[in-house]
There are 2 protein chains.
Amino acid sequence: MGGRLDRIDLKILRLLQNNGRWTNAELAETAGVSAATCHRRTQRLFDEGYIAQVRAMVAPRKVGKGALVMVGVVLDRSTPESFAAFERAIAQLKFVLDCHLVAGDFDYFLKIRVGDMEDFNRIHGEQLIALPGVRQTRTFFVMKEVVDNAPLDF
Amino acid sequence: MGGRLDRIDLKILRLLQNNGRWTNAELAETAGVSAATCHRRTQRLFDEGYIAQVRAMVAPRKVGKGALVMVGVVLDRSTPESFAAFERAIAQLKFVLDCHLVAGDFDYFLKIRVGDMEDFNRIHGEQLIALPGVRQTRTFFVMKEVVDNAPLDF
DNA sequence: GCCGCCCATGAAATAATCTCTCATCTTTGT
DNA sequence: ACAAAGATGAGAGATTATTTCATGGGCGGC
């Protein structure tokens, strides 16, 4: 078996993406191979990094993080040091789910989860605009989560 | 035990969020309770919806989805029917990871995973601008994923 | 075409883990 | 302080993961 994924591997990956709690026996039957083979395949998918991790997806509203906010950020200067400083600082902020350097009208796009708008307002004033090199931010409150964190299609 | 989460529940939730493959015995030891109690706690967290699902996080680059794009969308009309039609259509598009109705300069924000820029360009021309009621889109190619899908902080 | 090597496969045995039962203990309300 | 309700841990039994081993299929060399 070379480095690529065959039909069976893809099936296992897709099944585990939709439900990481399948027993090996169930996986095996659905994928159409024996339990032993399925187990080896799955282990290989982990070992070779196809599955980065398995995560319990905690329901945000259940733990008081029901509000989602997208934030566009523009920095003062477009120097490597400026970018690096911003990125170092953002990594400390636990409420930041996504932070991406983008091409376009903004330098960075953030996806942030907080309890509510008031919560965000405080965070915005105390932490976001205080980040190193931030010239301006544009906030987009999410009014409805149509699709959030859909599984990867491959 | 009432409807709220105590210190043990939170610990279990956080552990499972970081690694959904802990054995119950390991979870129990780390959380500081017996295996039986840990098992019951965990099952309750599932039953009561604190854990929406357990998902294997597939490495995007490993399955040919290494390119990330953020897209802002503006619709022609701001009517409920227009929004509904757009949302119905977007749910069919498997490459859309996030789709959020936002307040601000855009109506919707999309997070999309594709193979590469060429791939996106085709999809943009063939599928995105063809979505019902779309007046304009603004594309932000992600040049660097600083933080992607960080675990929830609670 | 034939042979030999390599590697993947499945059945079965073993080891580990989960899941439930029960007696005990803690908490809560009166 | 007492009774009821619920949570807990130890252990038994059931389930599941993981390894071992013999077999079969594909591929290259001759």
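Note that this is a predicted model, so its numbers are computed, not measured. A note on names: the letters A, B, ... follow the listed sequences, proteins ahead of strands, and every chain is numbered from 1.
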Notebook entry, point to check: Glu29(A) CD to dG10(C) P: how many Å, rounded?
Noted result: 13 Å

Notebook entry, point to check: At under 4.0 Å, does any side-chain N or O of Arg41(B) touch on OP1 or OP2 of dT8(D)?
Noted result: yes

Margin query: Can you pull out every side chain to side chain donor-acceptor pair (under 3.5 Å) where at least one residue sits in residues 120-134 of chain A? Sequence neighbours excluded, please.
Written below: Asp119(A)-Arg122(A), His124(A)-Thr137(A)

Item checked: Under the side-chain contact (heavy atoms from CB on, under 4.5 Å) test, residues paired with Ala89(A) that sit two or more places apart -> Leu131(A), Pro132(A)

Next item on the list: Note down the inter-axis angle between the two ends of the helix from dG1(C)-dC30(D) to dT30(C)-dA1(D), five pairs each, to the nearest 10°.
Entry: 40°

Next item on the list: With sequence neighbours excluded, give me every side chain to side chain donor-acceptor pair (under 3.5 Å) pair touching residues 91-102 of chain B.
Entry: Lys111(A)-Asp98(B), Asp148(A)-His100(B)

Would you tabulate the side-chain donor-acceptor contacts of residues 53-70 of chain B under 3.5 Å, counting partners in other chains and residues two or more places apart, or write 'none'?
residue	atom	partner	partner atom	Å
Arg55(B)	NH1	Asn149(A)	O	2.9
Arg55(B)	NH2	Asn149(A)	O	3.0
Lys62(B)	NZ	Glu48(A)	O	2.9

Item checked: Spacing between Leu5(B) atom CG and dA7(D) atom P, to the nearest angstrom -> 13 Å

Checklist line | Residues which pass ring-ring contact (aromatic ring centres under 6.0 Å, His included) with Phe46(B), listed by chain and number, not counting sequence neighbours | finding: none

Check: Quick one: Arg7(B) CZ to dA7(D) C1', roughly how many Å, whole number?
Finding: 16 Å

Could you run down the sub-3.5 Å N/O contacts of the protein with nucleotides 13-22 of chain D?
residue	atom	partner	partner atom	Å
dA17(D)	OP1	Asn24(A)	N	2.7
dA17(D)	OP2	Asn24(A)	N	3.0
dA17(D)	OP2	Ala25(A)	N	3.4
dT18(D)	OP2	His39(A)	NE2	2.5
dT18(D)	O5'	His39(A)	NE2	3.1

Item checked: Phe120(B) ring center near Phe141(B) ring center (under 6.0 Å) -> yes

Margin query: I'd like to check the ring-ring contact (aromatic ring centres under 6.0 Å, His included) partners of Phe83(B); sequence neighbours left out, ordered by chain and number.
Written below: Tyr108(B)

Notebook entry, point to check: Do the side-chain N or O atoms of Thr37(A) get closer than 4.0 angstrom to the phosphate oxygens (OP1, OP2) of dG10(C)?
Noted result: yes

Next item on the list: Identify, with sequence neighbours excluded, every residue that meets side-chain contact (heavy atoms from CB on, under 4.5 Å) alongside Asn18(B).
Entry: Pro151(B)

Next item on the list: Starting from P on dT8(D), measure out to CD1 on Ile8(B) and report it in whole angstrom.
Entry: 8 Å

Margin query: List the residues meeting side-chain contact (heavy atoms from CB on, under 4.5 Å) with Thr37(B), not counting sequence neighbours, and say none if there are none.
Written below: Val33(B), Ser34(B), Arg40(B), Arg41(B)

Margin query: Once you measure the plane-to-plane angle for Phe106(B) and Phe140(A), does it fall in the parallel (<30°), tilted (30-60°) or perpendicular (>60°) bin?
Written below: tilted

Margin query: Just to verify, what does His39(B) make a ring-ring contact (aromatic ring centres under 6.0 Å, His included) with, not counting sequence neighbours?
Written below: none

Could you run down the sub-3.5 Å N/O contacts of the protein with nucleotides 24-29 of chain C?
none

